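Lettering follows sequence order; numbering is per chain, from 1. In what follows, every heavy atom counts, from backbone to side chain, and hydrogens, waters and symmetry copies are set aside. Values in this document were obtained by computation on a predicted structure and should not be read as measured data.
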Amino acid sequence: MDKDQVAEVLTNIAVLLELKGENPFKTRAYVNAARTIETMSEPLAMVVSEQRLGEMKGIGEALQKKITELVTTGGLAYYEELKAATPPGLVAMLDIPGLGPKKIKALHDELGIETVELLEQACKDGKIAGLKGFGEKTQTNILEGIHRRRTYASRHLISDALPTAEPLLEALRLHPDVIRCSTAGSLRRHREVIGDIDLLASSKQPAEVIDYFTHQPGIFNVIAKGETKASVLLEGGIQADLRVVSDAEYPFALLYFTGSKEHNIVMRQRAIDRDLRLNEYGLFRSGAETRDPKLLVNCRTEEEIFEKLGLHYIPPELREDTGEVALAEKEPLPRLIEWTDLKGSLHNHSTWSDGHQQPADIARAMRELGLAYWGITDHSKSSFQANGLDAARVRQQLKEIRQINEDLAAEGSDFRLLTGAEVDILKDGRLDFEDDLLAELDVVIASIHQSFNQSEEETTSRLVGAARNPYVHILGHLTGRLLLEREPYKMDHRAVIDACAETGTWIELNASPLRFDMDWRWWPYARSKGVKCAINCDAHRFEHAGFLRLGAGIARKGWLTREDVVNTLPLDKLRSELGRKRAKMQ
DNA sequence: GCCGTTTTCGGCCCGACTGTTTTCAGTCG
């Protein structure tokens, strides 16, 4: 078993233990161990065989044994026993809001309820309200929760959440009682997929702000409403939570609610190590009363809180507990890329294949946006579903684009289209075009669009092979995933990144909000190997140029700076970089 | 289940909200 699989088993064990009613700290030990395994940089099998598991934080004697069993035998008796003892329907019930392990256990023990369907029926029959600890309201809420889960997905693309959050935030900004406000949570951290929208405001009149918020247009219903906090369900199916705090508390609340949870635990622990206490209300010198204002360490902004804890500032995108705190202790974090650093996108489509606009119109639109260049890289012939081009049509398109560029030059414009192709990596690893054709193109992207179900070894060797081709500049959407729709195909990131490092091949950060592929979690490794990134829109329409902004946000999560991203370069420098690999490999 | 210069037991981040109770447990983030 590899580390992802081991981490998944450990996470599942934690869920099963919760349902069993085990000590919550024992449960957490499994969650922590899963995270440690997932984020370790060495191959797990090596650490196991060298018996160095115990050196890792959070892995003691018991977990060493279990992980070793998983890695060496591919299974774990303890896990199988737990699974056998827990009806799978109970796990599904955890997804219903308001139902946690204790209530689910009670439902199972008292009424023998083992599935969501049985639970729904029991609610309708009025059997739940009579149980100790349950009531009419809980029964109704469970039914509503089951219904809502069927009607709406509970996870949302950031591209759906951002435009939903913006009007709410704007409304808060305009309210006279609101002093400061911001998004928080996973949205502020710019996660690719979010659960709900977190908003934070400071005010002297919290109840009024809460009331104002719950009466905004676009609210389907109000889930909860208190003095300082409200949750609403928006018409698009996304939940939004608002918390209102005093302005003195605001920076602490913003830090706390931006998270992530794991990052917060590290920060709190750091405060404790300095004889301080950090929570959403403040940073306090140690004392019996944790919210005693006399013990408060004054901070007006998040920046000041980091400073008081002996840290350089950590941008929200990096607050994921992937080593940011340890580094911020030693030195300023890298200056992350800004979306305005981007000069164009190298991977885009036109009506020649499955795009919606013609090259001349695209050139005009992208020039007006203030970009410097735009690659036209239509599909190759094997992508027949996308109207892929054969060699003859590619050469025809080359002529058209050259003419457009000549016209641009005649008008005195510096904007240029780049010629290119998104060439398919075929099932057997060959490319869909011959090298002599690829050599005629400004920019070549190689991507997988077929045979998604091959083994990890086969897919990896297709990608490594493509990287070894001297004419391929970029590997496109590395894993083929479609967020919330399609799983990535199996491939070995490390091996592919290493091959790119060796050959001078760039890796795409496909900025389509359905893809964001390669995943941000792999960019620090790629960066450490000197592999460059191209943030590409994979645009099929004008509007997709806006993906540059979203893509830059994901690149920031991957710790990327302007220097790591090739399409921050001006056109002449980009052209010389595009020539570098071809020169090196000939 | 993990951890430890206050170390082999007794902690483990912590507060708001809801619904059920009648002082609090469970859930959530």
Side-chain angles (χ1 to χ4, degrees), chain A residues 10 13-14 17-36 53-67 78 93-107 128-142 144-145 154 184-189 194-200 206 210 222-231 239-245 249 252-253 255-273 275-284 289-291 321:
Chain A
L10 295 178
I13 291 177
L17 289 176
E18 258 197 312
L19 286 170
K20 212 178 141 196
E22 261 290 0
N23 173 2
F25 297 106
K26 181 170 170 178
T27 306
R28 192 184 298 167
Y30 279 90
V31 175
N32 289 342
R35 217 184 130 68
T36 305
L53 265 180
E55 294 168 16
M56 312 198 69
K57 201 171 168 299
I59 297 179
E61 219 173 307
L63 276 162
Q64 278 179 57
K65 269 192 193 161
K66 293 192 171 85
I67 293 167
Y78 176 67
M93 281 159 67
L94 272 174
D95 281 343
I96 300 168
L99 281 190
K102 298 267 167 55
K103 284 214 157 79
I104 291 171
K105 188 168 189 301
L107 289 166
I128 303 297
L131 281 183
K132 186 168 156 35
F134 293 75
E136 286 291 339
K137 190 78 200 216
T138 309
Q139 181 167 278
T140 317
N141 285 347
I142 291 173
E144 267 181 18
S154 58
S186 50
L187 190 60
R188 184 161 181 248
R189 295 202 312 281
I194 64 129
D196 60 10
I197 293 169
D198 285 308
L199 298 167
L200 180 73
I210 290 285
V222 177
I223 299 165
K225 182 177 174 181
E227 287 284 305
T228 62
K229 184 186 162 183
S231 296
Q239 182 177 322
D241 294 346
L242 170 67
R243 287 182 184 79
V244 186
V245 298
E249 291 165 344
F252 303 101
L255 184 78
Y256 180 84
F257 290 116
T258 298
S260 67
K261 198 172 168 184
E262 294 79 8
H263 170 88
N264 283 349
I265 289 173
V266 174
M267 292 289 282
R268 267 174 196 265
Q269 192 54 50
R270 189 176 176 84
I272 292 169
D273 293 346
D275 206 22
L276 297 167
R277 232 178 157 76
L278 179 65
N279 59 30
E280 59 263 58
Y281 301 103
L283 179 64
F284 301 93
E289 181 57 52
T290 54
R291 286 174 67 179
D321 187 26

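A:S231 comes within 4.0 angstrom of nothing in the nucleic acid, heavy atoms only. A:Y256 comes within contact range of at least one nucleobase, with a heavy-atom separation under 4.0 Å. Among the heavy atoms of the strands, none lies under 4.0 Å from A:L278. Heavy atoms of A:E61 sit under 4.0 angstrom from primed sugar atoms or phosphate atoms, though from no base atom. Within the 4.0 angstrom heavy-atom criterion, no nucleotide atom of any strand lies near A:P24. Within 4.0 Å (heavy atoms only), A:K65 reaches no atom of the nucleic acid at all. Among the atoms of the strands shown, only primed sugar atoms or phosphate atoms (P, OP1, OP2) are found under 4.0 Å from some heavy atom of A:E227.
The distance from atom CD1 of A:I223 to atom C1' of B:dT27 is 14 Å, rounded to the nearest whole Å. Spacing between atom NZ of A:K261 and atom P of B:dC28 amounts to 11 Å, rounded to whole angstrom units. In this entry the distance linking CD1 of A:I197 with P of B:dC28 reads 20 Å, nearest Å. Put simply, CG on A:D196 is 9 Å from C1' on B:dG29, counting in whole angstrom units. When rounded to the nearest whole Å, the span between CG of A:D273 and C1' of B:dC13 equals 13 Å. As a whole-Å value, the separation of A:K103 NZ from B:dT18 C1' is 8 Å. Distance A:M267 CE to B:dC13 P: 16 Å, rounded to the nearest Å. Between the P atom of B:dG26 and the NZ atom of A:K102 lies a distance of 5 Å, rounded to the nearest Å.
Applying the 4.0 Å criterion to OP1 and OP2 of B:dT20, one finds that A:T138 has a side-chain N or O inside that range. Of the side-chain N and O atoms in A:Y281, one or more sit less than 4.0 angstrom from OP1 or OP2 of B:dA16. The side chain of A:K132 places no N or O atom within less than 4.0 Å of a non-bridging phosphate oxygen (OP1 or OP2) of B:dT21. For A:N141 and B:dG19, the shortest distance from a side-chain N or O to OP1 or OP2 is below 4.0 Å.
Just one of A:L53, A:I13, A:L10 meets the side chain to side chain contact (heavy atoms under 4.5 Å, CB included) condition when paired with A:L63; it is A:L10.
At distances below 3.5 Å, at least one donor-acceptor pair connects side-chain atoms of A:Q139 with backbone N or O atoms of A:A129. The backbone N or O of A:T228 sits nowhere less than 3.5 Å from a side-chain atom of A:R243 that would complete a donor-acceptor pair.
In the set B:dG29, B:dT20, B:dG1, B:dT20 carries the atom at the smallest distance from any side-chain atom of A:K137. Taking only side-chain atoms of A:P101, from C-beta outward, the nucleotide of B:dT27, B:dG1, B:dC13 with the closest atom is B:dT27. Out of B:dG1, B:dC13, B:dC17, the shortest distance to the side chain of A:A62 is found at B:dG1.
Within 6.0 Å of NZ on A:K102 lie no more than 12 heavy atoms contributed by other residues, nucleotides or ligands.
The separation of B:dG4 from B:dC13, taken at their P atoms, amounts to 14 Å, rounded to a whole angstrom. A gap of 13 Å separates the C1' atoms of B:dC2 and B:dT7, to the nearest Å. The gap from the P atom of B:dC17 to that of B:dC12 amounts to 24 Å, rounded to the nearest Å. Here, B:dT20 and B:dC24 have their C1' atoms 9 Å apart, quoted to the whole Å. Taking atom C1' in both B:dC3 and B:dT8, one finds a spacing of 10 Å when rounded to whole Å. Comparing B:dT21 with B:dG10, their C1' atoms are spaced 31 Å from each other, to the whole Å.
Side-chain contact between A:L19 and A:K105 is absent, with no heavy-atom pair separated by less than 4.5 Å.
Each of A:T27 and A:A230 has a nearest nucleotide on DNA chain B; the 5'-most of these lies closest to A:T27. When each of A:D198 and A:G60 is assigned the nucleotide of DNA chain B with its nearest heavy atom, A:G60 is the one assigned upstream, toward the 5' end.
For B:dG1, its base sits under 3.5 Å from the side chain of A:N23 at one donor and acceptor pair at least.
A 3.5 Å limit on both hydrogen-bonding distances identifies no Watson-Crick or G-U partner for B:dT8.
Of the inter-residue distances, the one linking A:L107 atom CG with A:L131 atom CG reads 6.5 Å to the nearest 0.5 angstrom. Rounded to the nearest 0.5 angstrom, A:L17 CG and A:K20 NZ are separated by 6.5 Å.
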